[in-house]
Amino acid sequence: MVSSKVKLLAHLREKQGEPTSGTKLAKEIGISRVAVWKTVQSLVESGYSIETKGTGYLLDPKKEKDFLYPWEFRENERFFTHYKSINSTMDKARDFALKGAASGSIFTAEKQTSGRGRYGRSWISRQGGLFFSILERPSLSIADYSQLTLKMQIAVVRTLSKICGKKSYLRWPNDIYINHRKIAGIITEISEKVI
């Protein structure tokens with residue numbers, strides 16, 4: 001089931017910057033006008049440029065930004081847990097894994113205060129980056145887990161090179177570089193506990 005944020009954003013984006021009344025949104029989404037207003041306020045607080053005009057609400061497509069909020073992933077919203085600020089997305093993923101969270105769950109943060117690298121090294125995760133952990137429960141032997149990490153790194157390098165138009169490359173075992181500057185790191189944590 002998708003949230004009212006997913007439905008409201010989909011409707012406003014479909015209207016291409018034309019205002020839609022709160023009454024019409026309430027009817028289309030299946031919530032009250034007060035719930036529409038609260039949803040709009042919540043989205044505005046999250047950084048969406050939703051304007052209130054005399055005839056309703058509008059989202060200007062020219063002012064759209066990229067967001068990593070759960071509701072941006074529509075029907076997959078249930079797999080995402082988002083935090084404004086957190087110690088480490090990896091710590092959160094481990095906590096949820098031990099409580100039985102589903103494979104494919106993703107934990108995102110706008111900022112990490114105690115991001116982790118290899119050998120327990122900490123690193124600064126300032127606002128504006130992309131910080132996330134993915135919980136997977138692969139049916140692999142423990143000896144094959146390192147291959148999974150390598151495949152993820154290769155996929156990230158290929159994707160970044162294609163999207164950015166600049167060659168990205170790996171520095172084994174877990175760093176990704178563009179123009180001789182580290183832009184990403186991938187780390188895998190394995191737990192023997194089975195849920």
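Given the structure is predicted, the values throughout are model-derived calculations rather than measurements.
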Would you compute the distance between atom [atom1] of [X] and atom [atom2] of [Y] and round it to the nearest 0.5 angstrom?
X: Ile106; Y: Leu135; atom1: CD1; atom2: CG; result: 10.0 Å
X: Lys7; Y: Glu28; atom1: NZ; atom2: CD; result: 11.5 Å
X: Thr39; Y: Ile29; atom1: OG1; atom2: CD1; result: 7.0 Å
X: Thr20; Y: His11; atom1: OG1; atom2: NE2; result: 4.0 Å
X: Leu9; Y: Ile50; atom1: CG; atom2: CD1; result: 5.5 Å
X: Thr89; Y: Arg94; atom1: OG1; atom2: CZ; result: 11.0 Å

Minimum heavy-atom distance between [X] and [Y], given as atom pair plus value:
X: Ser49; Y: Leu59; value: O-CD1, 3.4 Å
X: His82; Y: Pro70; value: CB-CD, 3.4 Å
X: Ser133; Y: Ala93; value: CB-CB, 4.0 Å

Looking only at atom types and distance, does a side-chain atom of [X] sit under 3.5 Å from a main-chain N or O of [Y], one as donor and one as acceptor?
X: Arg33; Y: Ser21; answer: no
X: Asn179; Y: Arg181; answer: no
X: Arg171; Y: Lys182; answer: no
X: Ser161; Y: Ser168; answer: yes

Would you check if [X] and [Y] make a side-chain contact, meaning some heavy-atom pair closer than 4.5 Å?
X: Ser42; Y: Trp71; answer: no
X: Phe132; Y: Gln112; answer: no
X: Val40; Y: Tyr48; answer: no
X: Trp172; Y: Gln153; answer: yes
X: Glu18; Y: Leu58; answer: no
X: Tyr57; Y: Lys24; answer: no
X: Leu160; Y: Ile183; answer: yes
X: Asn174; Y: Thr149; answer: no

Are [Y] and [X] connected into the same hydrophobic cluster when the rule is that any two of I, L, V, M, F, W, Y join if their side-chain heavy atoms are below 4.5 Å apart?
X: Val2; Y: Leu25; answer: yes
X: Met152; Y: Val157; answer: no
X: Ile186; Y: Leu130; answer: no
X: Tyr69; Y: Val44; answer: yes
X: Ile190; Y: Leu140; answer: yes

query: When Ser3 is tested against each of Arg74, Arg78, Glu77 for side chain to side chain donor-acceptor pair (under 3.5 Å), which residue passes?
result: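 The single option meeting the side chain to side chain donor-acceptor pair (under 3.5 Å) with Ser3 is Glu77.
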task: Among residues two or more places apart or on two chains, list those pairs meeting ring-ring contact (aromatic ring centres under 6.0 Å, His included) that have a residue in residues 93-115.
output: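 The answer is Phe96-Phe107.
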- prompt: Does a donor on one side chain and an acceptor on the other come within less than 3.5 Å for Thr81 and Lys92?
  reply: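 There is no such pair between these side chains.
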- prompt: For atom NZ of Lys84, is the number of surrounding heavy atoms from other residues, nucleotides or ligands below 6.0 Å larger than 12?
  reply: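 Correct, the count exceeds 12.
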- prompt: Taking atom CZ of Arg13 as the centre, does the number of heavy atoms from other residues, nucleotides or ligands within less than 6.0 Å exceed 12?
  reply: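 Yes, enclosed.
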- prompt: Between Leu43 and Leu8, does a side chain to side chain contact (heavy atoms under 4.5 Å, CB included) hold up when you go through it step by step?
  reply: CA-CA 10 Å; Leu43 289 167; Leu8 191 139; 3.8 Å; yes
